[in-house]
There are 2 protein chains.
Amino acid sequence: MVEKKQIRKAAHRTGNRSVRMRNTLKILSAAEKVFAEKGFDGATTQQIADIAKLPKSNVHYYFKTKRDIYLALMQSIMAPWLESFQAISADDDPGDALAGYVRRKVMLSRERPLASRIFANEMIRGAPVLSDFLRNELRKWVEEKAQIVKQWSEKGKMDDVSAEHLFTIIWAATQTYADFEIQIKSVLGRQHLESEDYDAAADLITRMVLRGCGISQSNSEQAQQRPTTLDQLVR
Amino acid sequence: MVEKKQIRKAAHRTGNRSVRMRNTLKILSAAEKVFAEKGFDGATTQQIADIAKLPKSNVHYYFKTKRDIYLALMQSIMAPWLESFQAISADDDPGDALAGYVRRKVMLSRERPLASRIFANEMIRGAPVLSDFLRNELRKWVEEKAQIVKQWSEKGKMDDVSAEHLFTIIWAATQTYADFEIQIKSVLGRQHLESEDYDAAADLITRMVLRGCGISQSNSEQAQQRPTTLDQLVR
DNA sequence: TCAAATTCTGACCAACTGGTCAACATGCGG
DNA sequence: CCGCATGTTGACCAGTTGGTCAGAATTTGA
């Protein structure tokens, strides 16, 4: 039955993608830009509608309120964040695990800078929407990782550092390449940040993290490429 | 003559502080809170007026436009920033210089978190107001420090690291304790961040920076206390 | 004391805000 | 072809926005 329903729904689609889906993505993609630059209070539904190339009333047909757009967007933003969470298990080599995590976070800053900025705005505002996430999921995750760090340090694989502060610093150092991109471009004297810049960032952060934790330099180093923006999902 | 003018001006004051000065500070103090939480576009002059406990039209008597408030505020914010800039000369011991700089930046995040958040908002927006500052003063400062770092590394006092990325990471790691305070409080399971938290942060960041630069741990460690908010200037 | 400068403020304005709604268009299955 | 669900939209609304202004209150120096 569920299958039948899905088939019928599929029939409604144009080019294998329903109008609803396409417009929803258009709106979220536009909202991503506006919320990232203006923050929640500064963003206007009119501007979102303009960028999405839809009448404002059409935007309100898909999302009742501005807050609903923001909530939906926040969900789509947190998904990759939570993904990058998984990694780092007790069996891993701490050097490899941390180096990989740093590199993944830097690449996420490169691929989805707008998402990072919206998250930053949400934190600066005092996390009115994400406070539950912070107190539950995030805190639980850090507690788990703190235990792993403890195990690693007990085995003499690394120093006994505060996992809470360690990850705080890793997040700050990696996300700054999205949030403060303009400052970094100015300081580097560049018009755009290139692959080499992100690699240099990941390398230095990794070095600081590993040495700061008393871990001898890891040997596995490799860059990835996987661009994904909401824009590309809209086509 | 200049002296005479100053004396006459002083006579205008009430309690050794002119009405103009006092109200200007009241407005800037209120604006600091609103701009920090809402960003430039989200902030309203009405809310600033309410917090300052002045009629909106009185606010506009001192500052013609919202942008003027923002500009004046930005100037008062950048002053301590530029102060903490000085330090770090070629004669210094790199370990002491960097450790001191990190500690000063962390304390600044503690003492003026709102200022840090406004700066962060400005960067996220693409620095419409501070782009000149970034391209000129900031870049020049980093170039100078890059030369110092070079000298240090040539003398074998530290590794040859990119000063641009190094300071980018230091800024990110230290300012995150102001900008992302709520995230850090959630992760640490605290209601408020205490002295010990900022000390732990400064210690870990310092350790990561020094070891990341190949500098043996410094010996001079000391905490400071010097709270300064716009609020206190208003009385 | 008094005229001038400064400070204060309610009333007001055009533009815009988030959001509603009724009428209309479209595309589908049958 | 019809009837219905889905999608579209301009007109509209009350409240808010940044900002102006005329006139009143006050503080000033002499």
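None of the values given here were measured: they were computed from a predicted structure. In what follows, every heavy atom counts, from backbone to side chain, and hydrogens, waters and symmetry copies are set aside. Chain letters run A, B, ... following the sequence lines, proteins first, then strands; residues in each count from 1.
- Under the rule for a ring pair (Phe, Tyr, Trp, His ring centres under 6.0 Å), A:Tyr62 has no partner lying at least two apart in sequence or in another chain.
- Note on residues 48-58 of chain A: pairs passing side chain to side chain donor-acceptor pair (under 3.5 Å), not counting sequence neighbours, are A:Gln46-A:Asp50.
- With B:Arg117 as the partner, the salt bridge (Lys or Arg N to Asp or Glu O under 4.0 Å) test is satisfied by one option alone out of B:Glu32, B:Glu181, B:Glu122: B:Glu181.
- Close to C:dT6, at under 4.0 Å from its OP1 or OP2, lies no side-chain N or O of B:Arg20.
- Recorded end-axis angle for the helix from C:dT1-D:dA30 to C:dG30-D:dC1 stands at 10°, based on five pairs per end and rounded to 10 degrees.
- When the ring pair (Phe, Tyr, Trp, His ring centres under 6.0 Å) test is applied to A:Trp81, the partners found at least two apart in sequence or on another chain are A:Phe85, A:Phe119, A:Trp171.
- Among residues two or more places apart in sequence or in another chain, the ring pair (Phe, Tyr, Trp, His ring centres under 6.0 Å) test is passed with B:Phe167 by B:Tyr101, B:Trp141.
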Might you list the N or O atoms of the protein lying below 3.5 Å from N or O atoms in nucleotides 17-21 of chain C, with each pair's distance?
from: C:dG18; atom 1: OP1; to: A:Ala43; atom 2: O; distance (Å): 3.1
from: C:dG18; atom 1: OP1; to: A:Thr45; atom 2: N; distance (Å): 3.4
from: C:dG18; atom 1: OP2; to: A:Thr45; atom 2: N; distance (Å): 3.0
from: C:dG18; atom 1: OP2; to: A:Thr45; atom 2: OG1; distance (Å): 3.0
from: C:dG18; atom 1: N7; to: A:Lys56; atom 2: NZ; distance (Å): 2.9
from: C:dG19; atom 1: OP2; to: A:Lys66; atom 2: N; distance (Å): 2.6
from: C:dG19; atom 1: N7; to: A:Lys56; atom 2: NZ; distance (Å): 2.8
from: C:dG19; atom 1: O6; to: A:Lys56; atom 2: NZ; distance (Å): 2.8

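- One atom, CZ of B:Arg22, and another, P of D:dT26, lie 15 Å apart when rounded to the nearest Å.
- Two residues are said to be in side-chain contact when any heavy atoms from C-beta on lie closer than 4.5 Å; A:Gln175 and B:Phe180 meet this criterion.
- Contact annotation: B:Tyr61 side-chain N/O to C:dT7 OP1/OP2 distance is under 4.0 Å.
- If you measure from atom CE of B:Met21 to atom C1' of C:dT6, you get 16 Å, rounded to the nearest angstrom.
- Nucleotide C:dT26 holds its C1' atom 13 Å from the CG atom of A:Asn58, rounded to whole Å.
- Side chains of B:Ile69 and B:Val59 form a contact here, defined as non-hydrogen atoms less than 4.5 Å apart.
- Between A:Asn23 and D:dT6 there is no side-chain polar atom (N or O) within less than 4.0 angstrom of OP1 or OP2.
- In terms of phosphate contacts, A:Tyr62 brings a side-chain nitrogen or oxygen within less than 4.0 Å of OP1 or OP2 of D:dT8.
- Side-chain contact annotation: B:Gln47 with B:Lys38, donor-acceptor N/O pair under 3.5 Å present.
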